Amino acid sequence: MAASSSASATALPYLDKTDFLKLQNGSDIRGVAIDGVEGEKVNLTEPVAEAIGTAFAAWLIEKKKADPSQHLRVSIGYDTRISAQLLQNAISRGLAGAGLEFVHYGLASTPAMFNSTLTKDEAFLCPADGSIMITASHLPFNRNGFKFFTNAGGLGKADIKDILERAADIYNQFTPESLKNSEKKALLSFKKVDYMIAYTSDLVKAVRKASGNIEKPLEGFHIVVDAGNGAGGFFAEKVLKPLGARTSGSQFLEPDGMFPNHIPNPEDKAAMKAITQAVLDNKADLGIIFDTDVDRSAAVDFTGREFNRNRLIALMAAIVLEEHPGTTIVTDSVTSDGLTTFIEKKLGGRHHRFKRGYKNVIDEAIRLNSIGEESHLAIETSGHGALKENHWLDDGAYLMVKILNKLASARASGKGGGSKVLTDLIEGLQEPAFAIELRLKINQFHPDLKEGSFREYGEDVLKQLEKSIGSDPSLHKAPVNHEGIRVSGFGGWFLLRLSLHDPVLPLNIEAPSNDDAVKLGHAVLAAVKDFGGLDTSALKKFVGAS
Ligand SMILES: O=P(O)(O)OC[C@H]1O[C@H](O)[C@H](O)[C@@H](O)[C@@H]1O
């Protein structure tokens with residue numbers, strides 16, 4: 001392990017609970033880990049990360065009702081961000097200081113880290129009692145953060161708040177001696193394994209099994225991967241090649257935390273354009289793209305048609321509903337009306353449109369199963385997706401495995417090669433001619449906001465919108481809606497809701513034409529225009545009122 005800079009610290013700057021709570025991002029921790037962006041001060045320092053490590057240890061000991069002699073084991077992995085190793089070493093010191101064992105996995109994916117809590121194999125020092133992924137997903141290079149797992153899944157919002165509150169107390173009790181002591185302990189207990197071997201071999205086995213135990217079920221397929229210089233490069237080498245696929249033309253597989261080619265994010269237009277181009281240039285059968293830490297993915301068929309957002313959900317729903325007829329597909333709130341029709345009328349399933357947030361969607365699917373409604377797939381337009389058969393693990397790589405299974409089994413049953421089998425699966429999906437997302441910022445410093453509570457202010461905006469559409473006969477509020485205000489009209493719909501993390505009201509509009517979308521935009525603008533703390537400039541520009 002690298003030497004610590006924190007251990008030489010004499011006095012750390014005082015930080016209170018609020019400083020720590022600012023690092024919470026829903027069910028993740030995220031902050032600025034290194035300098036390099038003007039105006040963005042580092043707040044995820046090494047001592048802060050060390051305190052978070054100790055706090056997670058305390059949380060885990062309580063959760064597992066472990067006694068101190070048990071030495072719980074925690075696996076730690078990271079994506080390609082340049083601050084990864086510093087944070088890994090700091091959080092390891094925090095765990096070691098609290099008497100826990102830790103195992104470094106090095107470059108890994110978020111789903112692999114969760115998987116390490118389920119794997120039963122002492123050769124890989126598994127199962128881990130807890131697991132930490134160091135990642136900030138698709139955010140810029142200077143950010144980083146942590147996701148935590150136990151075998152019960154990813155930690156939720158309340159757990160993260162608890163850990164950050166504990167971390168604030170721990171941080172303020174650090175002394176030069178205690179920091180030195182945890183560094184010594186960490187050096188003594190350092191262990192490293194290449195867990196990605198275990199994880200990728202599970203993925204390979206899954207595809208072989210689905211094809212009827214053929215060793216190279218993807219022989220003859222040409223599949224290109226775009227990892228955007230994130231952690232997903234392993235998929236070409238360690239999954240596709242052993243299965244027999246040709247992967248030439250794959251791009252940006254090398255780890256580079258400056259992300260020099262494009263943002264690793266299947267929701268990003270430039271990223272999707274890059275993989276589409278790679279498919280067409282290489283005349284490949286299929287393209288696969290991942291986000292930085294591989295919990296999100298998307299694909300591209302041989303004609304360059306993107307399987308992302310609603311189309312990815314439609315494709316996954318078609319695959320899952322073949323295996324589990326009638327099952328419920330849980331999705332996020334910004335999915336299209338056409339997707340509902342497709343899932344319910346064409347595939348014979350039920351579409352349960354829930355809230356935004358991958359954890360919300362997964363937890364809802366688990367809840368439905370617990371009350372007797374069968375659900376096998378929880379998936380977001382963002383490319384996050386989890387299947388019941390895969391322990392509800394939020395795993396972009398496993399979504400792609402399901403697609404590969406389909407290719408391999410179609411070929412094995414003589415239905416031909418290529419990815420047309422996938423394209424055919426979503427035939428009949430109606431897509432809106434026009435779709436847009438506008439993000440309306442709430443100015444937290446505006447005098448209209450009482451004590452800066454943007455949530456309350458956002459709720460007031462939503463209430464006003466609800467009132468206003470009630471008096472417009474061309475607009476109809478969705479009878480069932482779990483988040484924000486969803487309204488149909490002019491052949492389309494809009495949804496205004498509070499962002500999960502930011503002082504923002506995202507507005508999604510889908511309509512048969514730009515003109516219809518503008519009419520829906522006008523309806524929203526008319527309702528919210530008097531809210532001085534809401535920045536409606538993007539909406540005004542869209543409807544041509546600026
Ligand atoms: O509410 P928003 O700001 O649009 O963000 C919502 C999104 O945030 C993160 O990216 C989560 O990983 C997604 O699961 C979630 O859907």
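Because the structure is a prediction, the values reported are computed rather than measured. All ligand and atom numbering here is 1-based and tracks the order in the structure.
- Salt bridge status for E389 with K402: present, with a side-chain N to carboxylate O gap under 4.0 Å.
- Only the side chain of R439 comes within 4.0 Å of ligand 1, counting heavy atoms alone; its backbone N, CA, C and O stay farther away.
- Between E437 and ligand 1, a contact under 3.5 Å exists for no N or O pair.
- The side-chain hydrogen bond (donor to acceptor under 3.5 Å, both in side chains) test applied to T335 returns T331, R353, not counting sequence neighbours.
- Protein heavy atom nearest atom 14 (O) of ligand 1, with residue, atom name and distance: E380 OE1, 2.6 Å.
- Contact annotation: K359 has no heavy atom less than 4.0 Å from any atom of ligand 1.
- For atom 6 (C) of ligand 1, the nearest non-hydrogen atom of the protein is R356 CG, 3.7 Å.
- Using a cutoff of 4.0 Å between basic side-chain nitrogens and carboxylate oxygens, R356 and E483 are not scored as salt-bridged.
- With respect to atom 4 (O) of ligand 1, the closest heavy atom belonging to the protein is R497 NH2, 2.7 Å.
- Among protein heavy atoms, the minimum distance from atom 8 (O) of ligand 1 is reached at H501 NE2, 2.8 Å.
- Taking atom 12 (O) of ligand 1 as the reference point, the nearest protein heavy-atom neighbour is H384 NE2, 3.1 Å.
- Here the heavy atom of the protein found nearest to atom 11 (C) of ligand 1 is Y358 CD2, 4.1 Å.
- Across the listed options L500, N508, D332, L500 owns the non-hydrogen atom lying nearest to atom 1 (O) of ligand 1.
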